[in-house]
Structure formats: structure tokens, C-alpha cells
Peer 1: 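I'd like to ask you about the structure that follows.
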Amino acid sequence: MSASSIVVGTDLVQVSAVAASVQRFGQRYLERLFTPDELAYCLRDAHAAPERLAARFAAKEATLKVLRVHEVPVPWRTIEVVRAPEGFCELALHAEARSVADARGLFGFSVSLTHEAEYASAVVIAQQSHSKHAHD
């Protein structure tokens, strides 16, 4: 018999903090945190870029909270926010992030992003399966 539970992570990011990091560290910062597709979408509109980047940063932090990573390093770019043509966002986990999720029985990830002026936020939800044995 198996049971499952819901795991939630949330994060709030100050847009100006992300903008300051981009200003200070430039391309090196962007390429360490974001995938090429994330950057293509976020940087396409210079005015909206800081909020969009901050929202994705928040999504990555919220995902790390769901993964409950302590001892295993999970590179930022292995957590990707994918924007659907209809406008909603989904999460794609790659390499280390996918391995941690699989090892912890996490599946069915969902993400919600929001940004308004000075703040960006994200909520990530996943299901976690728990195997139950007759002797438990």
C-alpha cells in the first residue's frame, strides 16, 4: 500500500536585489542561475527583465525548499521554469534536481509565479509518495 502527501515551498524575492546582482556580476551571474531559454524569455523585454528574473529566482528557491536539499548540491540551472505558449509556467527538473526528486519520491511538481513592482514570489507544490509495507 502506498500513501502520498503534498510538499510546499514558497519564496519571496526583492526585485532590486536581483537587479543589483545582474548589475554587479553581469553575464556570469545570469548564466550560473538561469537556463538559455529562461534568459531568452526574461531578457526579451528589458523593462520587465528584473521582475521576470526575480520570479524565476524565487521559483528555484521554492523548489529547493520542496526538495529539502541539505547535503546534495543542486545547481540552479537544473531547476528550470518553462513558459507555455498559453502564458502559464511549469517546472522542469534536470540532472541533479531530477535525481533528488526521484530519490525522495517527489513528483507532480507545479509552480505559480507572481511579481509586482518591488517583489516577486513563487509557490512550488509537489506530491511525495510514501511506500507502506505490511510490517509498518
Side-chain angles (χ1 to χ4, degrees):
M1 174 184 218
S2 75
S4 68
S5 59
I6 301 295
V7 183
V8 178
T10 185
D11 198 59
L12 178 67
V13 174
Q14 195 166 13
V15 173
S16 61
V18 172
S21 292
V22 171
Q23 179 83 21
R24 181 171 180 198
F25 301 109
Q27 202 63 28
R28 190 181 77 200
Y29 171 83
L30 292 172
E31 290 176 359
R32 186 172 68 86
L33 267 68
F34 304 103
T35 67
D37 287 343
E38 287 173 323
L39 290 174
Y41 172 74
C42 292
L43 301 179
R44 162 169 90 196
D45 178 348
H47 178 72
E51 288 182 355
R52 289 176 175 174
L53 291 168
R56 279 148 185 80
F57 185 96
K60 291 167 189 273
E61 283 281 359
T63 302
L64 290 172
K65 290 174 182 177
V66 169
L67 293 174
R68 299 191 173 153
V69 176
H70 301 290
E71 69 289 342
V72 180
V74 175
W76 292 93
R77 289 168 47 127
T78 65
I79 301 166
E80 182 176 21
V81 175
V82 178
R83 187 170 168 86
E86 300 83 10
F88 61 87
C89 292
E90 296 178 327
L91 272 180
L93 302 181
H94 310 287
E96 292 91 340
R98 169 55 48 212
S99 294
V100 169
D102 290 346
R104 298 211 165 116
L106 295 163
F107 64 98
F109 282 78
S110 184
V111 65
S112 180
L113 308 175
T114 188
H115 49 80
E116 180 67 34
E118 199 46 39
Y119 293 96
S121 180
V123 175
V124 173
I125 298 172
Q127 287 185 272
Q128 185 172 34
S129 63
H130 305 283
S131 295
K132 292 283 184 189
H133 299 97
H135 63 276
D136 286 352

Peer 1: Could you tell me which residues satisfy side-chain contact (heavy atoms from CB on, under 4.5 Å) with Ala101, sequence neighbours excluded, listed by chain and number?
Peer 2: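 So Ala101 forms a side-chain contact (heavy atoms from CB on, under 4.5 Å) with Leu67, Leu93, Arg98, Leu106, Phe109.
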Peer 1: Looking at Ala62 and Gly9, what are the two nearest heavy atoms and their distance?
Peer 2: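 Closest approach of Ala62 to Gly9: CB-O, 3.5 Å.
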Peer 1: Strictly distance-based, threshold 3.5 Å: is any side-chain N or O of Lys65 a donor or acceptor partner for the main-chain N or O of Asp11?
Peer 2: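 Here the side-chain-to-backbone pair does not exist.
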Peer 1: Evaluate the side-chain proximity of Glu51 to Glu116: yes if any heavy-atom separation is below 4.5 Å, no if none is.
Peer 2: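 The answer is no, as the side chains (C-beta and beyond) never meet within the 4.5 Å cut-off.
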Peer 1: With ring pair (Phe, Tyr, Trp, His ring centres under 6.0 Å) as the rule and sequence neighbours excluded, what pairs involving residues 15-65 come up?
Peer 2: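 As it turns out, the ring pair (Phe, Tyr, Trp, His ring centres under 6.0 Å) pairs with a partner in residues 15-65, which skip direct neighbours, are Phe57-Trp76.
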Peer 1: Quick check: do Leu64 and Val74 have side-chain heavy atoms less than 4.5 Å from each other?
Peer 2: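 Side chain of Leu64 against side chain of Val74, heavy atoms only: contact under 4.5 Å found.
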Peer 1: With a 4.5 Å cut-off on side-chain heavy atoms, are Leu113 and Arg52 touching?
Peer 2: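 SC-SC contact between Arg52 and Leu113 ruled out.
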Peer 1: Would you say that Arg77 contacts Arg32 through its side chain, given a criterion of any heavy-atom pair below 4.5 Å between the two side chains?
Peer 2: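 When only atoms from C-beta onward are counted, Arg32 and Arg77 do not touch, as no gap falls below 4.5 Å.
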Peer 1: I'd like to check Leu30 versus Leu43 (side-chain heavy atoms, cut-off strictly below 4.5 Å). Are they in contact?
Peer 2: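 They are in side-chain contact.
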Peer 1: Might you point out which heavy atoms bring Pro75 and Pro73 nearest each other, and give the distance in Å?
Peer 2: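 So the minimum-distance heavy-atom pair works out to CD-O, 3.7 Å.
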Peer 1: Are Val15 and Val13 connected in the hydrophobic side-chain network, where two residues link if heavy atoms are under 4.5 Å apart?
Peer 2: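 Not linked; separate clusters.
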Peer 1: Closer than 3.5 angstrom, by distance alone: can the side chain of Glu38 be matched with the main-chain N or O of Thr35 as a donor-acceptor pair?
Peer 2: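 Pair found, side chain donor or acceptor close to backbone of Thr35.
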Peer 1: Roughly how far apart are Cys89 SG and Glu80 CD, rounded to 0.5 Å?
Peer 2: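 Here the interatomic distance stands at 11.0 Å.
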Peer 1: For Val81 and Leu91, what are the C-alpha separation, side-chain angles and deciding distance, and is it a side-chain contact (heavy atoms from CB on, under 4.5 Å)?
Peer 2: CA-CA 5 Å; Val81 175; Leu91 272 180; 4.2 Å; yes
Peer 1: CD of Gln23: more than 12 outside heavy atoms within 6.0 angstrom?
Peer 2: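 Counting other residues, nucleotides and ligands, CD of Gln23 stays at 12 neighbours or fewer.
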Peer 1: Work out which heavy atom in Ala19 is nearest to a heavy atom in Pro50; give both atom names and the distance.
Peer 2: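 Scanning both residues, the minimum pair turns out to be CB-CB, 4.3 Å.
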Peer 1: Just by distance, do the side chain of Arg104 and the backbone of Arg68 share a donor-acceptor pair under 3.5 Å?
Peer 2: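 Pair found, side chain donor or acceptor close to backbone of Arg68.
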Peer 1: When you measure from the side chain of Ser121 to the backbone of Ala55, do you find a donor-acceptor pair of N or O atoms at a distance under 3.5 Å?
Peer 2: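 Checked: no pair found.
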Peer 1: Taking the side chain as everything from C-beta on, heavy atoms only, tell me whether Val69 gets closer than 4.5 Å to Val100.
Peer 2: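 Result yes, sub-4.5 Å side-chain heavy-atom pair found.
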Peer 1: Are the side chains of Val124 and Thr10 in touch, meaning some heavy atoms are under 4.5 Å apart?
Peer 2: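 With C-beta onward as the side chain, the pair stays apart.
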Peer 1: Measuring from atom CD of Glu61 to atom CD1 of Ile79, what distance do you get when rounded to the nearest 0.5 angstrom?
Peer 2: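 Result: 8.5 Å between the selected atoms.
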Peer 1: Assess the residue pair Val22 and Leu53 against the criterion (side-chain contact (heavy atoms from CB on, under 4.5 Å)); give the C-alpha distance rounded to whole Å, side-chain angles, the decisive distance to 0.1 Å, and a yes or no.
Peer 2: CA-CA 10 Å; Val22 171; Leu53 291 168; 4.2 Å; yes
Peer 1: Could you grab the distance from atom NE2 of His130 to atom CD of Gln127, nearest 0.5 Å is fine?
Peer 2: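 The NE2 atom of His130 sits 10.0 Å away from the CD atom of Gln127.
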Peer 1: Quick one: does any side-chain atom of Gln128 pair with a main-chain N or O of Ile6 as donor and acceptor, under 3.5 Å?
Peer 2: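 No; zero donor-acceptor contacts below 3.5 Å.
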Peer 1: Does one side chain, of Thr78 or Glu96, offer a donor that lies under 3.5 Å from an acceptor on the other?
Peer 2: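 Looking only at side-chain atoms, Glu96 and Thr78 do not form any donor-acceptor pair under 3.5 Å.
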Peer 1: Ignoring hydrogens, what is the shortest heavy-atom contact between Lys60 and Leu33? Give both atom names and the distance.
Peer 2: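 Answer, listing the atom of Lys60 first, then Leu33: NZ-O, 3.0 Å.
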Peer 1: With a 4.5 Å heavy-atom cut-off, do Arg56 and Cys42 have their side chains touching?
Peer 2: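 A side-chain contact exists here, since the closest heavy-atom pair is under 4.5 Å.
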